[in-house]
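Order of the sequence lines fixes the chain letters, A, B, ..., with proteins taken first and strands second; residue numbering starts at 1 for each chain.
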Protein chains: 2
Amino acid sequence: MRSGKGPRETLDRERVVRAAMDLADERGLDALTMRELGRKLGVEAASLYNHVSGKDDVLDGMVEQVVAWIDVPGEDVDWKEAMRRRAVSARAVFARHPWAAGLVDSRERRGPVSLSYADQILGTLLRAGFSPRVAGNAFLALDSYIYGYERQRASIAPADDVDTGDAAREVLEAAREAYPSLMLVAGEYAAEPSDDDTAFAFGLGLILDGLERLVDGG
Amino acid sequence: MRSGKGPRETLDRERVVRAAMDLADERGLDALTMRELGRKLGVEAASLYNHVSGKDDVLDGMVEQVVAWIDVPGEDVDWKEAMRRRAVSARAVFARHPWAAGLVDSRERRGPVSLSYADQILGTLLRAGFSPRVAGNAFLALDSYIYGYERQRASIAPADDVDTGDAAREVLEAAREAYPSLMLVAGEYAAEPSDDDTAFAFGLGLILDGLERLVDGG
DNA sequence: ACCTGAACACCGTTCAAGT
DNA sequence: ACCTGAACACCGTTCAAGT
């Protein structure tokens, strides 16, 4: 490991966190262990504890970096467009780093980057005329959808490791009778492969349009 | 453990899965290890492999049971009301079993209960007049929100382990300047504690109303 | 100041041996 | 048929010892 790029720079928290993200990108979140992370940095696992308080600290660092990557448009942008852009930006980050959505959404986000991110979002909604309560609910609804989307996708899409042998065909035929609606919908997606961006925009649009009616009506 | 209730019934997969859910209820998903599960059943961890193919098999069994607990109204109920009821039912299950939402939504759901569940939902949407494609997107949007909601809630709510010492007050004062919008919204929730059901219904209503406009307009 | 080696208290899983 | 004991290949983390 440590793909030889000159003399070793001195280790610090940031380099450890960056190596952890590289490791998760390359081999998945399960492969991210302190021992493997040490190996990647040319050091024993125990040495990492000089720069990081533990594995949780590494994961927190990763979460903060992921949130920092999400673009949040400034005050010059209309609230609805701003929410749409940051949702799309988040999805782009999650697509580049498959571990990101699950990690961020399984951990408490109390770091300065996450707090400032929430503050900007809520500020945008408050300026748009939403009451504090509704702004909070809107933020919750949007993020629930954004983070939830990434992890739900797999369960509707047909398995990509399907055998096309005779046995498999038989099972599929039985499934068609047992689950007719599911098979009909799955077939539709199989015929014209689902455009993830479109499916994501569908639900996002429902929420944003609903919010718009609230702010216009009130 | 094995709180003495008569002679030991013979072990089987169902009893193992049920014990696993009890253990997760009592001490969290992290405490669910094969060794601990064996202890709870009065047996060595290795013995569990006679009834279950591994820990994944136990987790799959738990997922199927959770999905089975979610009520899905039959064909006599209007599609919108049916979707609302099953969302509320799912949330009630997740409230009773804090580990459930995260577990179900982190795993592929290919068991017969999950497939039949999806088939019923999609059938309801298709009968309501949604095209297969839109029905699929609607299902995805609703589930993204339902599963996402449970895991997002914690990040907006103020920490419940806050010290009220002088140091804590100082930090809070600094936060008020650094994150004014966040503090305003958090204060609103603190003043009148958030009713989870209302907050959940807020986002759910946005999605359902949006879907209704689609089916009425088309 | 940083790193290593060895240890501790855990994991999931396998397998020969018992009954 | 089911269970046990012991082992294997792992974890995260601590800590004395080195430099």
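- Pairing for C:dA6 goes to D:dT14, judged as Watson-Crick or G-U wobble with the two contacts each under 3.5 Å.
- Between B:Ser47 and D:dC2 there is no side-chain N or O to OP1 or OP2 distance below 4.0 Å.
- The nearest whole Å value for the distance from the CG atom in B:Leu48 to the C1' atom in C:dG12 is 11 Å.
- Partner B:Ser114 forms a side-chain hydrogen bond (donor to acceptor under 3.5 Å, both in side chains) with one of B:Glu108, B:Glu64, B:Arg107 and no other, that one being B:Glu64.
- Taking a cutoff of 4.0 Å between a charged side-chain nitrogen and a carboxylate oxygen, A:Glu14 and A:Arg18 qualify as a salt bridge.
- Across the protein-nucleic acid pair, A:Glu36 atom CD and D:dC11 atom P stand 7 Å apart, rounded to whole Å.
- Where B:Glu44 and A:Ala46 meet DNA chain D, the nucleotide closest to each residue was compared, and B:Glu44 sits on the side nearer the 5' end.
- Within the nucleic acid shown, A:Thr33 comes within 4.0 Å of sugar-phosphate atoms alone, with no base atom in reach, counting heavy atoms only.
- Here D:dC11 presents its P atom at 17 Å from CG of B:Asp30, a figure rounded to the nearest Å.
- The CZ atom of B:Arg35 sits 12 Å away from the C1' atom of D:dG5 (whole-angstrom rounding).
- The separation between A:Asp12 atom CG and C:dC3 atom C1' is 16 Å, rounded to whole Å.
- Aromatic pair B:Tyr145/A:Tyr145: ring centres not closer than 6.0 Å.
- In this structure, a donor-acceptor pair under 3.5 Å is absent between the side chains of B:Tyr117 and B:Arg109.
- Under 4.0 angstrom from either OP1 or OP2 of D:dC3 there lies at least one side-chain N or O belonging to B:His51.
- In this structure, the CZ atom of B:Arg39 is 11 Å from the C1' atom of C:dC10, given to the nearest Å.
- For A:Lys55 and D:dG12, the NZ to C1' distance is 8 Å, given to the nearest whole Å.
- Residues A:Tyr147 and B:Tyr147 place their aromatic rings such that the two centres sit no closer than 6.0 Å.
- Distances from the side chain of B:Asn50 to the nucleotides D:dC3, D:dG12, C:dT13 place D:dC3 closest.
- Listed nucleotides: D:dG12, C:dG12, C:dT4. Nearest to the side chain of A:Met34: D:dG12.
- Distance CG (B:Leu37) to P (C:dG12): 9 Å, rounded to an integer number of Å.
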